[in-house]
Amino acid sequence: MPVKTLIFIPTYNERENAPRMCEEVHQLGLDADVLFVDDHSPDGTGDVLDSLKARFPRLLVQHRPGKLGIGSAHLDAIGWAYDQKYEQLVTMDCDFSHSPSDIPAMIEAAGDCDVSIGSRWVHADSLPGWNILRRCMTRLGHFLTKGVLGIPQDATGGFRVYRLDRIARGIFELIKSQGYSFFFESLYIFNRNAIAIREVPIRLPARTYGHSKMSTVAAWRSARYVFELWFANFRRPEQFLLERKSPEIDPALADSSDWDSYWKEKTNKGAALYEFIAGVYRRIVIRRNLNRTIRRNFPNGAALLHAGCGSGQVDADFQNTMRLTALDLSPSALHLYGRNNPHAVAVKHGDIFRIPFPDGSFDGVYNLGVMEHFTEEEIVEILREFRRVLRRGGKIIIFWPHARATSVLALKMCHKLMHSVFGNDQQLHPPEISHLRSRHHARELMAKADFKLVDYRFGISDFFVQAMVVAEKL
């Protein structure tokens, strides 16, 4: 059965090229509709396209009120293609930098992948006749997108075939750029979400480069946006991931400590900086220590509950080898967790004081940076709830800030500085009221909930921040 196909071509001042492009695409004899989206071209391109409809019955023309950006045009066309139930979308330029004769090969390549891309970097002779300056500029763009963002494909070209029937529409909703940055931002997001991409070699003739509509200012903005994407990913990587496991939210659950505000994206600069530092620490330090501790205490395939899961940035390395269930009171945290860990067994909205699972459901329970926010009486109550959902011989792993932790001193200094210098009394996170004091202190608390302490570590591996406690159900 033929794939319902749309060929999309954005235009701005393409009066001379548009008729010829229509003719050459028509001559291919493809079973496809052709959509031109014109940004109110001053040279009358839109009127010329309208006049061609009588000759080309499968020609579609849309008019936008002004020059809204090449990325914006692509996103509009992609959304329209989804709405009209197209299964395959071809995108290309109108200035013949993309040859219509390459469309069949692009479509054929998309048969066994999600996206095919016309690439200038597969064959050495793909830029015939280009001058040195233009080659250097093009190679610089490729160097930045590959070196900074890790995109292995030709990321700045718009000659592509999207298999919309294989790509979730939500992937495109993650793209923010309205300009030329759309091309590499979209590929960055595709790669982050494991979209299958295949490159097809194309050649760009020298005569096309003189017609580029990309100004020096636009080129600079695109280069800057490469680094903005890199920083955004380092600060909050889940914003580029499609949520694949959405939790069911129980509106009856009360969040008295307002944890949900903590996990929402911060607009305040101080809070955003703290979020950045905390995120880096989680992914670089805690993640490594947690991986080591989990593998030391549980075999592959163990059923584990991350109780108070937060964003789940630290779980990504073992989401495929363990049967993970995430639990948190914050809907925002759960949505982040679902993006970071699409292979988790379940993402559950719930309270660690009343865990919504039957007795003996898990081989292990763990959390990180949670216990310090409760009184010791509440902590014992939480531990007993952990014990209830553990199987015989099950273990708990708790990463718990120490009373002499470097982070405790640093947070006190930050809050004092924010208050005295900036007059800001905002708390970067809920108060820490129960730091762990020693191995003996950990053993006493575990014993009150019928656990036996089997391991305790506090030291240089995480820069003297958190004590790691492992206890076994008696």
Side-chain angles (χ1 to χ4, degrees), residues 233-234 237-238 276-328 333 336-337 339-345 347 352 362-372 379 382-383 386-387 389-391 393-408 410 432 435-443 445-446 451-473:
N233 177 69
F234 209 63
E238 52 275 357
F276 170 72
I277 295 171
V280 172
Y281 175 75
R282 288 188 206 105
R283 295 194 301 277
I284 294 179
V285 180
I286 296 182
R287 187 169 173 171
R288 180 192 65 230
N289 290 340
L290 179 64
N291 286 342
R292 193 161 44 222
T293 306
I294 290 288
R295 291 183 177 123
R296 192 163 49 223
N297 288 278
F298 300 105
N300 286 348
L304 304 181
L305 173 66
H306 190 165
C309 63
S311 65
Q313 292 175 347
V314 296
D315 292 1
D317 292 340
F318 53 86
Q319 61 174 305
N320 293 308
T321 57
M322 302 291 177
R323 289 182 291 135
L324 290 185
T325 297
L327 177 75
D328 207 286
L336 295 175
Y337 192 97
R339 292 187 175 195
N340 282 317
N341 301 282
H343 302 295
V345 173
V347 180
I352 57 175
F362 301 99
D363 299 306
V365 179
Y366 64 100
N367 65 25
L368 311 101
V370 173
M371 295 301 193
E372 65 271 22
I379 290 169
I382 293 169
L383 291 173
F386 288 176
R387 186 181 187 281
V389 298
L390 280 175
R391 294 165 185 158
K395 293 179 180 178
I396 58 172
I397 295 173
I398 300 173
F399 281 37
W400 195 334
H402 197 277
R404 296 190 297 277
T406 52
S407 62
V408 173
E432 296 181 351
H435 294 122
L436 200 59
R437 298 191 295 274
S438 64
R439 178 189 295 267
H440 178 70
H441 184 207
R443 184 181 291 111
L445 287 171
M446 296 301 115
F451 280 99
K452 178 181 71 173
L453 183 69
V454 296
D455 197 4
Y456 174 91
R457 302 175 190 224
F458 174 61
I460 192 61
S461 66
D462 72 340
F463 306 105
F464 294 95
V465 173
Q466 295 189 330
M468 186 276 296
V469 175
V470 181
E472 185 176 350
K473 176 180 178 178

A.B. asks: Would you check if the side chain of Asp363 reaches a backbone N or O of Ala303 as a donor-acceptor pair within less than 3.5 Å?
C.D. replies: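 Pair found, side chain donor or acceptor close to backbone of Ala303.
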A.B. asks: Apply side chain to side chain donor-acceptor pair (under 3.5 Å) to residues Asn340 and Glu238 and explain how you reach the verdict.
C.D. replies: CA-CA 6 Å; Asn340 282 317; Glu238 52 275 357; 3.0 Å; yes
A.B. asks: Could you state the interatomic distance from OH (Tyr456) to CZ (Arg439), rounded to the nearest 0.5 Å?
C.D. replies: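 Going from the OH atom of Tyr456 to the CZ atom of Arg439 covers 7.5 Å.
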A.B. asks: With distance as the sole test, does Glu432 use its side chain to make a donor-acceptor pair with the main-chain N or O of Glu372 at under 3.5 Å?
C.D. replies: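 Between the backbone of Glu372 and the side chain of Glu432 there is no qualifying donor-acceptor contact (under 3.5 Å).
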A.B. asks: Could you tell me if the side chain of Leu304 sits less than 4.5 Å from the side chain of Arg323, heavy atoms only?
C.D. replies: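 Side-chain contact under 4.5 Å: no.
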A.B. asks: If every non-hydrogen atom of Cys309 is compared with every non-hydrogen atom of Ala326, which pair is closest and at what distance?
C.D. replies: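 For Cys309 versus Ala326, the nearest heavy atoms are SG-CB, 3.7 Å.
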A.B. asks: Kindly indicate whether the side chain of Leu324, heavy atoms from C-beta on, has any atom under 4.5 Å from the side chain of Tyr337.
C.D. replies: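 Of all side-chain heavy-atom pairs linking Tyr337 with Leu324, at least one is under 4.5 Å.
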A.B. asks: What distance do Asn341 atom CG and Phe318 atom CZ have between them, rounded to the nearest 0.5 Å?
C.D. replies: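 The CG atom of Asn341 sits 8.0 Å away from the CZ atom of Phe318.
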A.B. asks: Is a side-chain donor or acceptor of Thr406 paired with a backbone partner of Phe463 at a separation under 3.5 angstrom?
C.D. replies: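 Flag set: sc Thr406 to bb Phe463 pair under 3.5 Å.
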A.B. asks: Donor-acceptor pair, Asp328 side chain versus Gly310 backbone, under 3.5 Å?
C.D. replies: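 Checked: pair present.
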A.B. asks: Looking only at non-hydrogen atoms, find the nearest pair between Gly308 and Val370 and report the distance.
C.D. replies: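 Closest approach of Gly308 to Val370, heavy atoms only: O-CG2, 3.8 Å.
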A.B. asks: Could you go through the side-chain contact (heavy atoms from CB on, under 4.5 Å) check for Thr293 and Tyr366 one step at a time?
C.D. replies: CA-CA 10 Å; Thr293 306; Tyr366 64 100; over 6 Å; no
A.B. asks: Side-chain contact test, heavy atoms from C-beta onward, threshold under 4.5 Å: evaluate it for Gln466 versus Trp400 and give yes or no.
C.D. replies: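 Result no, sub-4.5 Å side-chain heavy-atom pair not found.
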A.B. asks: I would like to know whether Met371 and Leu383 meet side-chain contact (heavy atoms from CB on, under 4.5 Å); could you show each step before the answer?
C.D. replies: CA-CA 10 Å; Met371 295 301 193; Leu383 291 173; 3.8 Å; yes
A.B. asks: Identify the two heavy atoms, one from Ala471 and one from Met446, that lie closest to each other, and give their separation to 0.1 Å.
C.D. replies: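 So the minimum-distance heavy-atom pair works out to CB-SD, 3.6 Å.
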A.B. asks: Side chains of Pro237 and Arg339: does their closest heavy-atom pair fall under 4.5 Å?
C.D. replies: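 Counting from C-beta outward, Pro237 and Arg339 never come under 4.5 Å.
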A.B. asks: List the residues meeting side-chain contact (heavy atoms from CB on, under 4.5 Å) with Asp317, not counting sequence neighbours, and say none if there are none.
C.D. replies: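 Checked Asp317 against side-chain contact (heavy atoms from CB on, under 4.5 Å); matches are Arg287, Asn291, Arg295.
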A.B. asks: With side chains defined as the heavy atoms from C-beta onward, is the minimum distance between Leu445 and Leu453 less than 4.5 Å?
C.D. replies: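 A side-chain contact under 4.5 Å is absent here.
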A.B. asks: Kindly compute the distance separating CZ (Arg443) from NZ (Lys452), expressed to the nearest 0.5 Å.
C.D. replies: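 Going from the CZ atom of Arg443 to the NZ atom of Lys452 covers 11.5 Å.
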A.B. asks: Does the Lys473 side chain pair with the main chain of Arg387, one donor and one acceptor, at a distance under 3.5 Å?
C.D. replies: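 Side chain of Lys473 to backbone of Arg387, a donor-acceptor pair under 3.5 Å: yes, one is there.
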A.B. asks: Between Leu390 and Ile396, is there a side-chain heavy-atom distance shorter than 4.5 Å?
C.D. replies: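 Heavy-atom side-chain distance check passes, below 4.5 Å.
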A.B. asks: Give me the atom names and distance for the closest heavy-atom approach of Ser461 to Arg288.
C.D. replies: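 So the minimum-distance heavy-atom pair works out to O-NH2, 2.7 Å.
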A.B. asks: Could you tell me whether the side chain of Asn367 reaches within less than 4.5 Å of the side chain of Phe386, counting heavy atoms only?
C.D. replies: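 Yes, close enough: below the 4.5 Å cut-off.
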A.B. asks: Given the rule in the side-chain contact (heavy atoms from CB on, under 4.5 Å) test, do Arg282 and Leu368 qualify, once you have shown the distances and angles that lead to the verdict?
C.D. replies: CA-CA 10 Å; Arg282 288 188 206 105; Leu368 311 101; over 6 Å; no
A.B. asks: I'd like to check Leu327 versus Ile352 (side-chain heavy atoms, cut-off strictly below 4.5 Å). Are they in contact?
C.D. replies: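 Touching, per the 4.5 Å side-chain cut-off.
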A.B. asks: Could you measure the distance from the CZ atom of Phe298 to the CD1 atom of Ile397? Nearest 0.5 Å is fine.
C.D. replies: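 It comes to 4.5 Å.
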A.B. asks: Run the side-chain contact (heavy atoms from CB on, under 4.5 Å) test on Arg296 and Asp455 for me, step by step, so that the C-alpha distance in whole Å, both residues' side-chain angles and the decisive distance to 0.1 Å come before the verdict.
C.D. replies: CA-CA 11 Å; Arg296 192 163 49 223; Asp455 197 4; 4.2 Å; yes
A.B. asks: Out of curiosity, Ile284 CD1 to Asn289 CG, how far, rounded to the nearest 0.5 Å?
C.D. replies: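 Output value for this atom pair is 12.0 Å.
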A.B. asks: Which heavy atom in Leu436 sits nearest to a heavy atom in Ala467, and how many Å separate them?
C.D. replies: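 Answer, listing the atom of Leu436 first, then Ala467: CD2-CB, 3.8 Å.
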